[in-house]
Number of protein chains: 2
Amino acid sequence: MTESKTDPRVLRTRKLIMDSFIELSGKKEFKDITIKDITAEAMINRATLYYHFEDIYDLLEKALSEVLLVNLNYDFYQNDELNEEVFVRIFESITNFQKSLSNRCHRGYEDTIARIIRDQLEIIFYKMLVKQHTTEKDEALKLTAVLLSWGMYGASVEWRRGSQKVPPEEFIKLAIPYIRTGIDKR
Amino acid sequence: MTESKTDPRVLRTRKLIMDSFIELSGKKEFKDITIKDITAEAMINRATLYYHFEDIYDLLEKALSEVLLVNLNYDFYQNDELNEEVFVRIFESITNFQKSLSNRCHRGYEDTIARIIRDQLEIIFYKMLVKQHTTEKDEALKLTAVLLSWGMYGASVEWRRGSQKVPPEEFIKLAIPYIRTGIDKR
DNA sequence: GTGGATTTGTCGTGTATACAACACTTTTAA
DNA sequence: TTAAAAGTGTTGTATACACGACAAATCCAC
């Protein structure tokens with residue numbers, strides 16, 4: 001276990017950059033945000049941003065992932081069982097997240113954002129599945145995580161379009177067998 | 001003119017430290033605040049604090065001066081004429097500042113705080129006097145600044161004790177001749 | 001008092017950040 | 001179309017900050 005702690009300067013600087021990026025996203029469209037804008041807002045040097053992020057797309061990716069994880073992790077990830085209730089809450093959280101994003105004028109980057117969200121969902125689902133399905137094959141769990149993440153993302157988009165007021169029960173019922181794969185076999 | 005700009009890292013760090021100090025002052029008495037408390041709150045290393053401040057008393061001094069200057073400078077210092085109106089506003093500002101401090105449990109350091117306030121007042125008055133009394137002797141202006149700062153501080157304390165509702169007109173009338181020394185001679 | 005624990009202040013070393021300069025690409029304006 | 005302006009991404013160097021170790025001072029229970 002070589003878990004060397006990250007330098008607090010790094011954490012501070014990343015937070016400054018990401019916060020500034022999120023802040024600016026509320027004021028301008030993504031395409032109009034320049035590196036200089038961000039570094040000025042964050043009060044850090046331009047070169048320092050490139051020390052942490054490859055370019056502005058990399059920043060977008062990491063900032064969104066971060067926000068997503070903060071929104072999800074502290075709410076119910078620690079509550080490590082992936083049951084129906086948790087599943088519904090993740091669904092609602094994701095949907096709210098997308099709503100707040102669509103208000104923030106990220107037009108033209110929907111696909112990128114969609115991929116980022118699916119990636120994060122997949123990571124979360126996989127981690128939770130691994131915890132409770134220790135006997136299962138790793139490949140099977142990965143596949144399940146992929147299915148669930150794509151499925152949930154699609155359902156979320158569909159649900160927002162239809163502007164219904166309850167989470168789509170159909171999808172949830174469809175997903176439950178996947179969640180329970182390992183449980184049933186025990 | 002060798003006015004090299006200060007490194008933004010320095011400004012950031014000083015602000016972090018001072019803000020933490022002010023924040024902690026609201027929760028604990030000064031004597032109970034340790035260096036470790038401050039650096040933990042500020043998320044900076046302990047050694048870094050000593051890079052900027054000699055000790056906790058030096059920090060107290062500089063933090064208070066900073067807060068004072070922020071309270072005063074941006075309000076009316078740029079408005080560079082030291083007339084009666086500005087004088088009254090500085091008086092009110094100082095009095096409010098002392099009030100907010102006395103709520104923050106700096107018990108046992110009243111004398112230190114008093115000195116800091118007078119020092120800052122003196123600096124401000126001197127700068128303003130120099131601007132409008134260019135023909136006056138420097139020594140005379142310094143003396144005037146000293147008189148005004150001690151006078152204003154004392155009047156402020158006296159006024160707070162008496163809990164009257166208007167600034168002490170007597171003191172203001174007394175001070176005006178000092179303010180106008182140069183003007184009258186023009 | 002005495003000893004352990006906490007705090008203070010300092011120092012040397014490694015690393016993260018600031019900054020200026022640079023070539024390059026993209027926007028803008030005329 | 002073209003030139004100026006603004007933005008991007010990289011590099012070398014100087015400096016601020018993190019960290020651990022340390023002795024000395026202060027605090028505090030017994």
Side-chain angles (χ1 to χ4, degrees), chain A residues 1-25 27-64 66 105-109 112, chain B residues 1-25 27-64 66 105-109 112:
Chain A
M1 289 294 222
T2 48
E3 285 195 25
S4 50
K5 294 170 192 169
T6 26
D7 194 312
R9 286 174 290 186
V10 171
L11 299 176
R12 268 211 307 273
T13 302
R14 288 209 179 122
K15 181 162 168 45
L16 281 171
I17 294 174
M18 289 190 180
D19 286 353
S20 304
F21 179 62
I22 302 286
E23 172 69 20
L24 284 173
S25 296
K27 299 178 185 167
K28 296 182 178 186
E29 297 200 25
F30 176 75
K31 71 174 174 52
D32 292 331
I33 298 176
T34 70
I35 299 284
K36 202 183 163 191
D37 289 337
I38 299 168
T39 57
E41 172 92 18
M43 289 187 300
I44 57 113
N45 195 274
R46 205 161 49 88
T48 306
L49 189 144
Y50 289 107
Y51 181 87
H52 293 283
F53 306 95
E54 282 195 9
D55 50 31
I56 203 170
Y57 303 101
D58 184 42
L59 173 57
L60 170 66
E61 188 130 346
K62 288 175 177 161
L64 281 190
E66 173 89 7
C105 308
H106 276 285
R107 268 173 283 169
Y109 289 88
T112 308
Chain B
M1 289 293 229
T2 48
E3 283 195 25
S4 50
K5 295 169 191 169
T6 26
D7 193 313
R9 288 174 289 187
V10 171
L11 299 177
R12 267 211 308 273
T13 302
R14 287 208 180 125
K15 180 162 168 46
L16 281 172
I17 294 174
M18 290 189 180
D19 286 352
S20 304
F21 179 63
I22 303 285
E23 172 70 19
L24 284 174
S25 295
K27 299 178 183 165
K28 295 182 177 187
E29 296 200 27
F30 176 75
K31 70 173 175 51
D32 294 330
I33 298 176
T34 70
I35 299 285
K36 203 182 163 193
D37 290 338
I38 299 168
T39 57
E41 172 92 18
M43 290 188 300
I44 57 114
N45 195 275
R46 205 161 51 85
T48 305
L49 189 144
Y50 289 106
Y51 181 86
H52 293 283
F53 305 95
E54 283 195 8
D55 51 30
I56 204 170
Y57 303 101
D58 184 40
L59 173 57
L60 169 67
E61 188 129 349
K62 288 176 177 160
L64 282 191
E66 173 88 8
C105 307
H106 277 285
R107 268 174 285 169
Y109 289 87
T112 308

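Within every chain, numbering begins at 1; the chains are lettered A, B, ... in the order of the sequence lines, protein sequences first and strands thereafter.
One finds no side-chain N or O of A:His52 lying less than 4.0 angstrom from the OP1 or OP2 phosphate oxygen of C:dA16. Contact check, A:Tyr51 against C:dT17: no side-chain N or O comes under 4.0 Å of OP1 or OP2. OP1 or OP2 of C:dC19 sits under 4.0 Å from a side-chain N or O of A:Asn45.
In this structure, the side chains of A:Arg12 and A:Lys15 stay at 4.5 Å or more apart for every pair of heavy atoms. Between B:Leu11 and A:Met43, the closest side-chain pair of non-hydrogen atoms is not below 4.5 Å. B:Lys62 has its side chain out of reach of B:Phe21: every pair of non-hydrogen atoms, C-beta onward, lies at least 4.5 Å apart. In this structure the side chain of A:Ile35 reaches within 4.5 angstrom of the side chain of A:Arg46, judged on heavy atoms.
Put simply, the side chain of B:Thr39 gets close to the backbone of B:Lys36: a donor and an acceptor are under 3.5 Å apart. Without hydrogens or angle criteria, B:Asp58 side chain to B:Asp55 main chain gives no donor-acceptor distance under 3.5 Å.
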Would you mind building the protein contact string for nucleotides 6-12 of chain C? One character per nucleotide, 5' to 3', B for base within reach (heavy atoms under 4.0 Å), S for sugar-phosphate only, - for untouched.
-SBBBB-
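Atom CG of A:Asp32 is separated from atom P of C:dT27 by 11 Å (rounded to the nearest Å). As rounded to whole Å, 14 Å separates atom P of D:dT8 from atom NZ of A:Lys31. Counting to the nearest Å, the P atom of C:dA16 and the CD1 atom of B:Ile44 are 18 Å from each other. A straight line from CG of A:Leu49 to C1' of C:dA16 spans 14 Å, rounded to a whole angstrom. What separates NZ of A:Lys5 from P of C:dT15 is a distance of 17 Å, to the nearest Å.
Note on A:Lys27 versus A:Glu23: salt bridge recorded, some NZ/NE/NH1/NH2 to OD/OE distance being below 4.0 Å.
B:Asn45 meets the side chain to side chain contact (heavy atoms under 4.5 Å, CB included) test with B:Ala47, B:Thr48; sequence neighbours excluded.
Annotation: proximity of residues 7-15 of chain B to DNA chain D (heavy atom, distance under 4.0 Å) is found for B:Asp7, B:Arg9, B:Val10, B:Thr13, numbered in ascending order.
Here the CD1 atom belonging to A:Ile44 is positioned 12.5 Å from the OH atom belonging to A:Tyr51, to the nearest 0.5 angstrom.
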